Peer 1: 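Got a structure for you, written out below as structure tokens; questions coming shortly.
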Amino acid sequence: MPFAQLVSSGLERALNKLLQLDPDSAAKLRKLKGRNLQVRVRELPWPLIFHFSDEISLGVVVSEGSESARPDCLIELNLETLPLLQDSSQLSALIQQQKLILIGDIYVAQSFSNLIKELDIDWEEQLAKVTNDVFAHQTFHSAKSVMLQSQDFIQQSREIWAERLTKEGAVGINQQTLDQFSEDVVKLRSATDRLAARLAILEKAHKA
Amino acid sequence: MIVSNNPQATEQNNQEQTHFGFKTVDKTQKVNMVKDVFQSVAAKYDIMNDLMSMGIHRLWKRYTIDCSGVRAGHKVLDLAGGTGDLTAKFSRIVGESGQVVLADINDAMLKVGRDKLRDLGVVGNVDYVQANAEELPFPDNTFDIITIAFGLRNVTDKDKALASMYRVLKPGGRLLVLEFSKPTNELLNKAYDAYSFHLLPKIGQLVANDADSYQYLAESIRMHPEQEVLKSMMEAVGFEQTTYQNLTGGIVALHRGFKF
């Protein structure tokens, strides 16, 4: 089975499905119509090529050096560099550090990046389409509260741990504890003295 | 019924006869017999393809497109294009400056393809032509790419069809033939035979109410020239840098040849 085609088919389907869920994406995609973008992720065995029309067609570059390998824009990068592309001000630095190779029209890459970043999908509405409005609203309301509570819990935990890890811990004991300890020692000494005296009396009585 | 394991020999021995599955028939008859088969299966062609190949035919077709080197502005001929799976994809890639011609000898298939593509919004750069692959109604040096997916085995005179494709291809253009072939592993070959001759007609009967057409499909696959033979046939009509790639153990092979 052509595995690369299976992967590209799945990716293409997912991308187009996501784009369909955002009514504004069609206008953004129109800006890219007729262009293509080749992405070579060094960890992957095959470069991918995105063809833009009313939807995205995703292909695998099978024959390097052929005409198909002459895209409008080519990006070559490592997987770890991929998230860094979100900050467009970092592009020049990434190119200088040779973490990113960019050949061709940068506008294609930027427009595609914006298209994905700016996807605005109303998931509640999508759920309402398959269930109903009330269920969808309640589900999302509950999900939001759980998320807020989780965020609070994470924030609190973070603060507690930050305090524990950064504040100086008490190495010695305080004066009050020392006084209490001394008093307890005196009391214990008196008690043992009394016990010793009683034992001596009992011993004497036994001998007599 | 006359059984022949060498379709070329059959054609060479008797110029007036050819094979239709395992049967030997007059050449003039075959066109109509194939037409009847596809007239019968046209409505359920897509669903049957998915069922028979467990959806893998879509990946084979994607691989064909990936190997085509297609880009914006290209002129593509999707020969025996049937229900337009390849055309839909090509149309999006070649864009407004390009053109895709979906050609099929069978008008029923062409109608199903045209309706399907229009429903998908594939319009503007696609033309529909009812054409015989042996005598393509296009001027010389017209297309950048020609594909024929699961169609060549149904053509009566394959050499004539390949020569016709060569003629209409531009210099520098490429032909891609995606077709059932001979599995490279003997065990897979036996399993595939059992599937083709026992299960396939039953699925055809169940889903399309047409066991005979799918029996023909299985027989026509066996009668189709195997990988090396088809490669030589392409070279014989002038194609250069001819190669083939076995897919799914050779159940299907993609042949590629260039015109320079």
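Residue numbering restarts at 1 for every chain, and letters A, B, ... go by the order of the sequence lines. Note that the structure is a prediction, hence the values are computed from the model and not measured.
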Peer 1: Looking at A/Lys117, I'd like to know if its NZ atom is crowded, meaning that more than 12 non-hydrogen atoms belonging to other residues, nucleotides or ligands lie closer than 6.0 Å.
Peer 2: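 Correct, the count exceeds 12.
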Peer 1: To the closest 0.5 Å, what do you measure between CD1 (B/Ile93) and OG (A/Ser53)?
Peer 2: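 These two atoms lie 8.5 Å from each other.
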Peer 1: Find the distance between CZ (B/Arg92) and NE2 (A/His51) and round it off to the nearest 0.5 Å.
Peer 2: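 Spacing of CZ (B/Arg92) from NE2 (A/His51) equals 12.5 Å.
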Peer 1: Rounded to the nearest 0.5 Å, how far does CG of B/Leu120 lie from CG of A/Asp54?
Peer 2: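 Rounded to the nearest 0.5 Å, the CG-CG separation comes out at 11.5 Å.
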Peer 1: Distance check, rounded to the nearest 0.5 Å: A/Ser57 atom OG versus B/Arg62 atom CZ?
Peer 2: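 Reported value, rounded in 0.5 Å steps: 8.0 Å.
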Peer 1: Would you name the heavy atoms of B/Lys89 and A/Leu58 that are closest together and state the gap between them?
Peer 2: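 Minimum heavy-atom separation between B/Lys89 and A/Leu58: NZ-N, 4.4 Å.
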Peer 1: Just wondering, more than 12 heavy atoms not from A/Phe181 lying within 6.0 Å of its CZ?
Peer 2: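 For A/Phe181, atom CZ is not crowded (no more than 12 foreign heavy atoms under 6.0 Å).
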Peer 1: Could you check whether atom CD of A/Glu80 has more than 12 heavy atoms from other residues, nucleotides or ligands sitting under 6.0 Å from it?
Peer 2: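 Incorrect, the count does not exceed 12.
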Peer 1: Using every non-hydrogen atom in the two residues, find where A/Gly34 and B/Ala72 come nearest and quote the distance to one decimal.
Peer 2: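 For A/Gly34 versus B/Ala72, the nearest heavy atoms are O-CB, 4.2 Å.
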Peer 1: Examine distances only and state if a side-chain atom of B/Asp66 and a backbone atom of A/Val61 form a donor-acceptor pair shorter than 3.5 Å.
Peer 2: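 No, B/Asp66 side chain to A/Val61 backbone: no donor-acceptor pair under 3.5 Å.
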Peer 1: Please check if the number of heavy atoms outside B/Lys170 that lie under 6.0 Å from its NZ is greater than 12.
Peer 2: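 Count over threshold, so yes.
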Peer 1: Quick one: does B/Glu96's side chain get under 4.5 Å of A/Lys33's, heavy atoms only?
Peer 2: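 They are in contact (side-chain heavy atoms under 4.5 Å apart), so the answer is yes.
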